[in-house]
Amino acid sequence: MDAVQLWRKLMNPYTWVWQYARKSRGLIIWAVVLILVNAAGIVVVPILSGMIVDQVIDEGHTDRLVPMLLIMIGVTLGRTIVRYIYEVCCEQVGQNALFDIRHDLFAKLQSLDFNFFNTVRTGDIMARLTGDTDAIRHMIAWVSYNVVECILWFFTAVAVMATINVPLMLALVVVTPLIGWLTFKMSNEAHPVFFEIRQSFARLNAMVEENISGNRVVKAFAREPFEIEKFEHLNDDYKQQNMNSAAVSRRYLPPLDFLASFLSVIVLLIGGAFVIGGQMSLGDLVTFNGFLWMLNQPMRMSGWLVNDIQRFSAATVKIRSMLGAKPAIVSTPTVAAKQLQGKVQFDHVSFAYPDAPDTNVLTDINFTVEPGQTLGILGETGAGKSTLMNLITRFYDPTEGHVKLDGIDARDWPVATLRDQITIVMQDLFLFSDTIQDNISYGNHTATPPFIQEMATVADANEFIAAMPEGYDTVVGERGVGLSGGQKQRISLTRALVKDPKILILDDTTSALDMETEAAIQTRLGNITNQKTVFVIASRISSLRHADQIIVLRHGRIVERGTHDQLVAANGYYAETYRRQLGNNADLKGGE
Ligand SMILES: Nc1ncnc2c1ncn2[C@@H]1O[C@H](COP(=O)(O)OP(=O)(O)OP(=O)(O)O)[C@@H](O)[C@H]1O
């Protein structure tokens, strides 16, 4: 790697963060000006201290004491105010940048598809949105001005000392390369440690997140001690990683401190000799002593600042990797957004999930559903039913063949058009922590209350919602805590119906309901869905029997297809399931 490449690599995190900070250029300019003013003011007190010794104490100009003291107080006060203002400016720049970074991260999250969420754990994502973004804010709001201050103080001190006594200044400065070398070594050692701390924090976060989401399973299996042990293990790892970082600091900070203290010794020894030899006044020695902390402070700070810079650098890697993640499904439409008619064709479609590319979950699927028709899908668990539906909404693209909507490949439609007009009621029911009303109107904010109630009646939800203490205004918890499985299913179905899609996919939507409720819903659904193309995945024949076509999936292939009567006559898996369910429940027979 040549010097230019190395420089680019080192500057990479800063050029990246500059995109976010540069919007606050005005504040940054103010901060820089004020930092310079502060650095200029910092020399006043040591210089005046020396002058007091020489002119007031030594030469007896006592009348100069009060003005000098007043100037010292005034400058110190002024510097305090100036420092306060630029600290506020830097914090503001940091918060502005943080706001935009969080915005971009969240927008990126919305653009990523199932492939990303299948592979990255929620806790890890949360760590990026919290700890990592804060490391960046800390860099802009605190580390940045401290680094500038340290550099300015150091060189100002060196410059002023050079005007007083060059040999003494050189004697002090000669120690600094050693300090630079120690700082550089510490930085090298700290970098991997900080990366590990960050990873460990993400693991801890992911575990806690999973524990909270899965708290019912934990309690049901009385596995709290196991969870605590698992947490302890990760907690211990996090502690250990932080201890490792502290160990690096512990190794380097004492020699750095020692070198800083050594500077006082140099001033006293060499400066003292100059004073005794008459080459320097006592006042100048006092001034030199006053400047020592301006050499000292940057050296002491440098170790900590390097730590913070490493943390910043590790955080940018993680954040940028998420911002750079590419969704597999991208909208590159060749047709304009328009109303779907509802025709769905699968043309020699095969599919394998990206994490298992050699295992076909669907193989050579062919069927056509005309607008307004209903397709019923039956199949054993894991046969590929949900996967089939995920291809219609373009949550995934087929590995082979074409999924066509109104005769056009799904990849040629704008993704937003597909998702807007195709609604899927998933098996994995999710309700937001919000009112039932807002959950139901999630896909259609303009839905009127009478329409919502009408759809809730179709889904057999109106009655139980109305009976709740606050009716449609009842707040349900994350994942619909406080509702039964069947109630959640009915609210999810209402939500889908309120969106009034052209294509409706029901993935085992009524499985938690009793047969009578399910049959009532089916009848009412039949009345309102004659203009829609409907896909029904179900394990109960009663939910499938009225479909225009039914397919049976096994190991990702269509093994039977036809109407209810044809399939019963064919005497295959469908007929066998039908007879078994018929034997178990005389109602089915009655429905014939
Ligand atoms: N994200 C994924 N990555 C890899 N394999 C997956 C993924 N999701 C599902 N599968 C696999 O694909 C196959 C089909 O799953 P799918 O959920 O489509 O079946 P299904 O017929 O809907 O089952 P069920 O009736 O249990 O819901 C299963 O073998 C499953 O393990």
Side-chain angles (χ1 to χ4, degrees), residues 109 112-122 124-125 206 210 213-214 217 325-329 344 346 348-367 369 374-401 403 410 422-430 479 485-486 488-489 492-493 496 503-513 518 534-544 547 549-561 567 572-574 576-578 580-581:
L109 266 187
L112 292 169
D113 48 40
F114 286 16
N115 284 324
F116 177 84
F117 293 100
N118 286 345
T119 48
V120 183
R121 295 202 293 177
T122 316
D124 195 15
I125 299 172
E210 226 167 68
S213 305
V217 179
K326 298 253 180 297
I329 305 295
V344 180
F346 271 55
H348 297 288
V349 169
S350 296
F351 177 76
Y353 279 100
D355 44 352
D358 299 328
T359 314
N360 262 4
V361 170
L362 295 173
T363 311
D364 199 27
I365 303 287
N366 292 292
F367 63 77
V369 186
T374 297
L375 177 79
I377 305 166
L378 181 73
E380 290 161 350
T381 177
K385 305 180 292 292
S386 302
T387 306
L388 194 72
M389 297 301 104
N390 286 340
L391 297 184
I392 302 177
T393 36
R394 253 202 106 192
F395 290 142
Y396 298 97
D397 282 331
T399 8
E400 275 173 53
V403 174
I422 306 173
T423 298
I424 182 161
V425 184
M426 301 192 190
Q427 272 177 323
D428 179 18
L429 302 167
F430 185 91
R479 296 198 164 260
K488 277 189 264 178
Q489 281 192 336
S492 302
L493 177 58
I503 299 174
L504 179 65
I505 301 171
L506 306 174
D507 190 349
D508 243 349
T509 306
T510 49
S511 59
L513 307 178
E518 187 185 34
V534 182
F535 293 82
V536 182
I537 298 177
S539 47
R540 285 185 194 152
I541 300 294
S542 55
S543 295
L544 302 171
Q549 294 180 66
I550 300 161
I551 57 172
V552 177
L553 279 183
R554 178 172 295 158
H555 304 311
R557 291 176 188 273
I558 297 180
V559 289
E560 292 171 38
R561 68 171 82 213
L567 289 173
Y573 176 81
Y574 184 92
E576 189 190 314
T577 311
Y578 175 60
R580 202 173 47 246
Q581 291 182 5

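In listed order, ligands and their atoms are each counted from 1.
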I need the Leu567 CG to Ile541 CD1 distance, nearest 0.5 Å. 8.5 Å
Quick one: ligand 1 N/O to protein N/O pairs below 3.5 Å?
| residue | atom | partner | partner atom | Å |
| --- | --- | --- | --- | --- |
| ligand 1 | 1 (N) | Asn118 | ND2 | 3.2 |
| ligand 1 | 3 (N) | Asp355 | OD1 | 3.1 |
| ligand 1 | 3 (N) | Asp355 | OD2 | 3.3 |
| ligand 1 | 18 (O) | Ser386 | N | 3.4 |
| ligand 1 | 18 (O) | Thr387 | N | 2.9 |
| ligand 1 | 18 (O) | Thr387 | OG1 | 2.4 |
| ligand 1 | 19 (O) | Gly384 | N | 3.4 |
| ligand 1 | 21 (O) | Ala383 | N | 3.1 |
| ligand 1 | 21 (O) | Gly384 | N | 2.9 |
| ligand 1 | 21 (O) | Lys385 | N | 2.9 |
| ligand 1 | 21 (O) | Lys385 | NZ | 3.0 |
| ligand 1 | 22 (O) | Ser386 | N | 2.9 |
| ligand 1 | 22 (O) | Ser386 | OG | 2.8 |
| ligand 1 | 23 (O) | Gly382 | N | 2.9 |
| ligand 1 | 25 (O) | Lys385 | NZ | 2.8 |
| ligand 1 | 26 (O) | Thr381 | OG1 | 2.5 |
| ligand 1 | 27 (O) | Gln427 | OE1 | 3.1 |
| ligand 1 | 27 (O) | Gln427 | NE2 | 3.0 |

Between the main-chain N or O of Glu380 and the side-chain N or O of Lys385, is there a donor-acceptor pair closer than 3.5 Å? yes
Using side chain to side chain contact (heavy atoms under 4.5 Å, CB included) as the criterion, list what pairs up with Asp508, not counting sequence neighbours. Gln427, Ser511, Ser539
Phe395: which of Phe351, Phe117, Phe114, Tyr353 passes ring pair (Phe, Tyr, Trp, His ring centres under 6.0 Å): Phe114
Excluding sequence neighbours, so at least two apart, what forms side chain to side chain donor-acceptor pair (under 3.5 Å) with Asn118? Tyr396
Partners meeting side chain to side chain contact (heavy atoms under 4.5 Å, CB included) with Ile365 (sequence neighbours left out): Phe346, Val349, Leu362, Phe367, Leu388, Leu553, Ile558
